[in-house]
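The structure appears right after this line, and notes come after that.
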Amino acid sequence: MIEFMLNGEQVTFNGDPETPLLWVIRDSFKLKGSKFGCGAGLCGACTMHLDGTAMKTCVLPIAAVAGKTVTTIEGLGTPDSMHPLQQAWVEHNVPQCGYCQSGQIMTAAALLAANPDAAEADIDTAMAGNICRCGCYPRIKGAIQSVASNTLGYDAMAEEVAS
Amino acid sequence: MSTQILSRRHFLKSSALVGGGVVVAVTLPGCSFDGELPIDAADTALVPNAFLQITPDNKIVFYCPADEMGQGIRTGLATVIGEELDCHPSNMAVEAAGSHEDYNNPEFGLQLTGGSSAVRVFYEPLRQVGADTRALILAAAARDLGIPAARLSTDNGHVIAGDKSYPYGDFVATAATLDVPTETPVKDASAFKYIGTHFARIDAEAKATGTASFGIDIDLPDMVYAVVLRSPVAGAKAVRFDDEAARRQPGVQTILPISSGIAVVADSYWQANQAAKKLTVEWEDVALTAVDSTRVRADLSAALDADDGVEAASEGDFEAGLAAAANTQSAEYFAPFLAHAPMEPVNATLRIEGDRADLWTGVQVVGAAQGLLERLTGLPRENIRVHNQYLGGGFGRRATLTHVVEVTEIAMATGKPVQVLWSREDDLRHGVYRPASLMRLEAGIDADGKVTAWQAQRAGGNVTPETLENALPALLPSMPEGLLGGLHGAVEFIFGNWAVDHPSVEGLHETYSMPTHTITHTTVDHGLPLTFWRSVGHSYSGFAVESMMDELAVSAGLDPVALRLKNLEDKPRMRRVVQRAGELMAAMEVPEGHHLGFASHSSFFTDVAEIAEVSVTDGKIRVHKVTCVVDCGTAVNPDTVRAQLEGGVMFALTATLYGEIDLDRGAVVQSNFHDYPILRMDEAPAIEIEIIDSGTAPTGIGEPGVPPLAPAVANAVFRATGQRLRELPLRLA
């Protein structure tokens, strides 16, 4: 039995400890926002936060998650209460097919949480693990920059959305 | 029993349909479903046609006839119908249409999304539907309010009478008793409120919050998951397999042979995927087994050497034109097989209960999916519903229905709701591919740069006959297998020997006015499954033609833009695009070490010019910026036009720098994103776009951004290095 925190709630998983976190989240906890893209940690569609750090979860055994904190796109924000990055994604009309965007947003959110003033080079480096086949990169970058450089400041915006 | 011998029973081939490019009206008898509309509506709701439902509480639902794969079509067509209905697109609930002939693409006569056609072909019909429905609501309001319709107006889903505003929903009961008006006049463009305006994609919020539903997200009670182990070589059947070890894996329910391979059915995808690795299968050899990439290339060369291609187009006297030229050039250009690699691997979920079947998937061919289910299950067509979800990328890949065949066979064998999910390895190794193409061009220009002679010969596989052949079982669900086999053979023979498949040669001369041209084609088919890939034939013809135009300009010492303008004298729309792009290029100040390359190409009725700013350092090509000028007629949503060009450039840049599917003993070598790389953010160029609105009706935008990119980059690389790269992907010597 593996216990961990999922989007603020204590949960347990009783299946095969080798099962990747992605499939535990999608199949056992029925949260479908995190996507399967490559199964090899190469595309980033499955990105979640593990103790606040962006992780590719399609190759991360659930055993490695015991006692840790997992945040998925559903825990980051909801349509009624979007995270500043999600708002920026809508304002910049970022998504095309949209399949990779949960992973893109989770990677960007971890970056800005650690480095609220991320420069373009920081963004390029942090986001290089997330593939967008539709080629939304200029808009993804623009959306991240709009939040990173927001005069309100990232933390203030995040609090404002949460309140 | 663990080792099973399989019979060579003829299984149904995978099914597919056109994914882009073909501009032929094929109306096949029996290919469309004309029964009851696939719309769930309360008795109190108004359903005036296949596209709209209005409820008493003023929920306005638009059933979008084109499939959303990222191209923004739900937003675009909601804008078109909303303009005339007078309802803001974001105030409508937009749902994917089910299968019905009313949703057929008016040009193709089939329910398919492809060929950058949806806005172009639905622009007039959906405006008419919107205008007629608005007129119906106004007529009902006039009765209910006792006010002549002429004194009523509308605003965003409401009828306005003096200073009072009534939701459309107030009048649906009366409207349901009236005849729906026809031929209601539509608006003049000057009165547009939504068309031509920027606003947010209607699916942006769902896609930014992880709440948009894709096929892979369908989760039914008691559903089982299937993974299929397929032959490394396309078309080869299993001779025998050993499933003893696989059956002992946790969660495995059953293992069964199906038409495309061996299916492992388990409680979860992960378990099925793990168990499939324990299967051992012996596959038969087929003709493709003897083919590798070197052989493909040699066969294409030999085909062109034979110089006996079928004539696709010919005007004027080529030899005389060549003799009259001041400057001549000849060159050979190559483009490899490519995979689409959409981010969502293909998948399908099917539930068969009694005499009803429900399919959840994301495909570009909803009607064919329904027809296929009818053929395979024997259920009446009206009992089969296709619930198309958001497509996690299409690019032509989702016009093929192999996964639907698989899920149907497994659901019928197990009697359970099943989801079939392909891995990325499955996607790259068992897919359908852009054909490899070899093109030989020979051209002459006079002293001013006017083309006096133009010849293009292409060798490679064809996408339409194969796609059509594979689609026939779905399009003609009641035709017996034997007759289908005859049709297959006929289609293959015709395109192999007499007729030229238009997408095989499209774009080899049409962008320019070239009074003397000869285009020939030789079919070389190795048996690798082929299909439409974003911009289809233009994806390689644009590279060849625009490289050759540059070679002609360089050899004659002419300006590449001026040379193109010289050959656009009776193509005013493209002429203006090239003229404007030339002005932008002339004004560009590029840093030391950066070089510019130019290309222009017409496809899907749209004209595009692109300028690539490129540097080459330590043998690595880096594209810093791409500037696009486009004329696609009326831009229904200018931001979508921009997004599609941005995406087209990135998609094409992946193919330009990296894209290559290789064969080794008939098997695809590439398997995942480590050896089939996709452009990443740190390599993505800045993109600037200028839209020229010629005021004509809208033309395509999903694909036309792709063809000019590779030659623009190659032409810039020539300026940077002196190396003329004539093979994709671009590799420096």
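In what follows, every chain begins at residue 1, and chains take the letters A, B, ... in the order their sequences are listed. For the numbers below, each heavy atom of this structure counts, side chains included, while hydrogens, waters and symmetry mates do not.
- The two residues Pro95(A) and Ala204(B) have their closest heavy-atom pair at CG-O, 4.0 Å.
- Both the backbone and the side chain of Arg642(B) come within contact range of chain A, with heavy atoms under 4.5 Å apart.
- The candidate with the highest count of non-hydrogen atom pairs below 4.5 Å against chain B, out of Ala40(A), Gly98(A), Gly39(A), Gly77(A), is Gly98(A).
- Using a 4.5 Å cut-off between heavy atoms, Lys35(A) touches chain B through its side chain atoms alone.
- Between the side chain of Asn93(A) and the main chain of Arg201(B), a donor-acceptor pair closer than 3.5 Å is present.
- Side chain of Lys207(B) to main chain of Cys97(A): a donor-acceptor pair is present (N/O by atom type, distance under 3.5 Å, no hydrogens or angles).
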Derivation of the side chain to side chain contact (heavy atoms under 4.5 Å, CB included) call for Arg133(A) and Thr654(B): CA-CA 9 Å; Arg133(A) 185 64 167 137; Thr654(B) 286; 3.7 Å; yes
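- For chain B, the nearby parts of Ile131(A) are the backbone and the side chain; heavy atoms of each come within less than 4.5 Å.
- Your options are Glu683(B), Met650(B), Arg680(B), Glu205(B), and the one with the most heavy-atom pairs under 4.5 Å with chain A is Arg680(B).
- In terms of heavy-atom pairs under 4.5 angstrom with chain A, the leader among Pro685(B), Pro345(B), Gly648(B) is Pro345(B).
- Interface check for chain A: of the options Pro342(B), Ala200(B), Ala684(B), the most heavy-atom pairs under 4.5 Å are formed by Ala200(B).
- Only the backbone of Ala212(B) comes within contact range of chain A, with at least one heavy atom under 4.5 Å from a heavy atom of that chain.
- Between Asp27(A) and Tyr225(B) there is a side-chain heavy-atom pair separated by less than 4.5 Å.
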Going through the checks in order, is the salt bridge (charged side-chain N to carboxylate O under 4.0 Å, His left out) test met by Asp639(B) and Arg139(A)? CA-CA 11 Å; Asp639(B) 196 56; Arg139(A) 290 169 189 249; 2.9 Å; yes
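- Residue contact with chain B, scored on non-hydrogen atoms closer than 4.5 Å, is absent for Cys136(A).
- Under a cut-off of 6.0 angstrom, the local environment of CD in Glu9(A) is sparse, with at most 12 non-hydrogen atoms contributed by other residues, nucleotides or ligands.
- The pair Arg26(A)-Asp217(B) counts as a salt bridge, with a side-chain nitrogen and a carboxylate oxygen less than 4.0 angstrom apart.
- Here OG1 of Thr209(B) is found 7.0 Å from CE of Met82(A). Values are rounded to the nearest 0.5 Å.
- Remark: Arg424(B) CZ to Cys43(A) SG distance equals 6.5 Å, nearest 0.5 Å.
- In terms of heavy-atom pairs under 4.5 Å with chain B, the best-connected choice from Cys38(A), Pro138(A), Gly33(A) is Cys38(A).
- Smallest separation of non-hydrogen atoms from Leu42(A) and Phe673(B): CD1-N, 3.8 Å.
- Annotation: the span from Gln271(B) atom CD to Trp23(A) atom CH2 amounts to 12.0 Å, rounded to 0.5 Å.
- Minimum interatomic distance between Glu18(A) and Trp270(B) (heavy atoms only, all atoms of both residues): O-CZ2, 3.8 Å.
- Side chains of Ile123(A) and Met681(B) form a contact here, defined as non-hydrogen atoms less than 4.5 Å apart.
- With rounding to the nearest 0.5 Å, the separation of CD1 in Ile678(B) from CG in Asn130(A) is 13.5 Å.
- The shortest non-hydrogen separation linking Ala208(B) to Val90(A) is CB-CG2, 4.2 Å.
- In this structure, the portion of Leu391(B) lying under 4.5 Å from any heavy atom of chain A is its backbone and not its side chain.
- Heavy atoms closer than 4.5 Å to chain A are found nowhere in Tyr390(B), neither backbone nor side chain.
- If you measure heavy-atom distances from Thr19(A) to chain B, the contacts under 4.5 Å come from both the backbone and the side chain.
- Taking the six-membered ring where tryptophan is involved, the planes of Phe214(B) and Tyr99(A) are perpendicular, since the angle between them exceeds 60° and thus also 30°.
- When each of Leu653(B), Leu421(B), Ile687(B) is scored by its heavy-atom pairs under 4.5 Å with chain A, the top score falls to Leu421(B).
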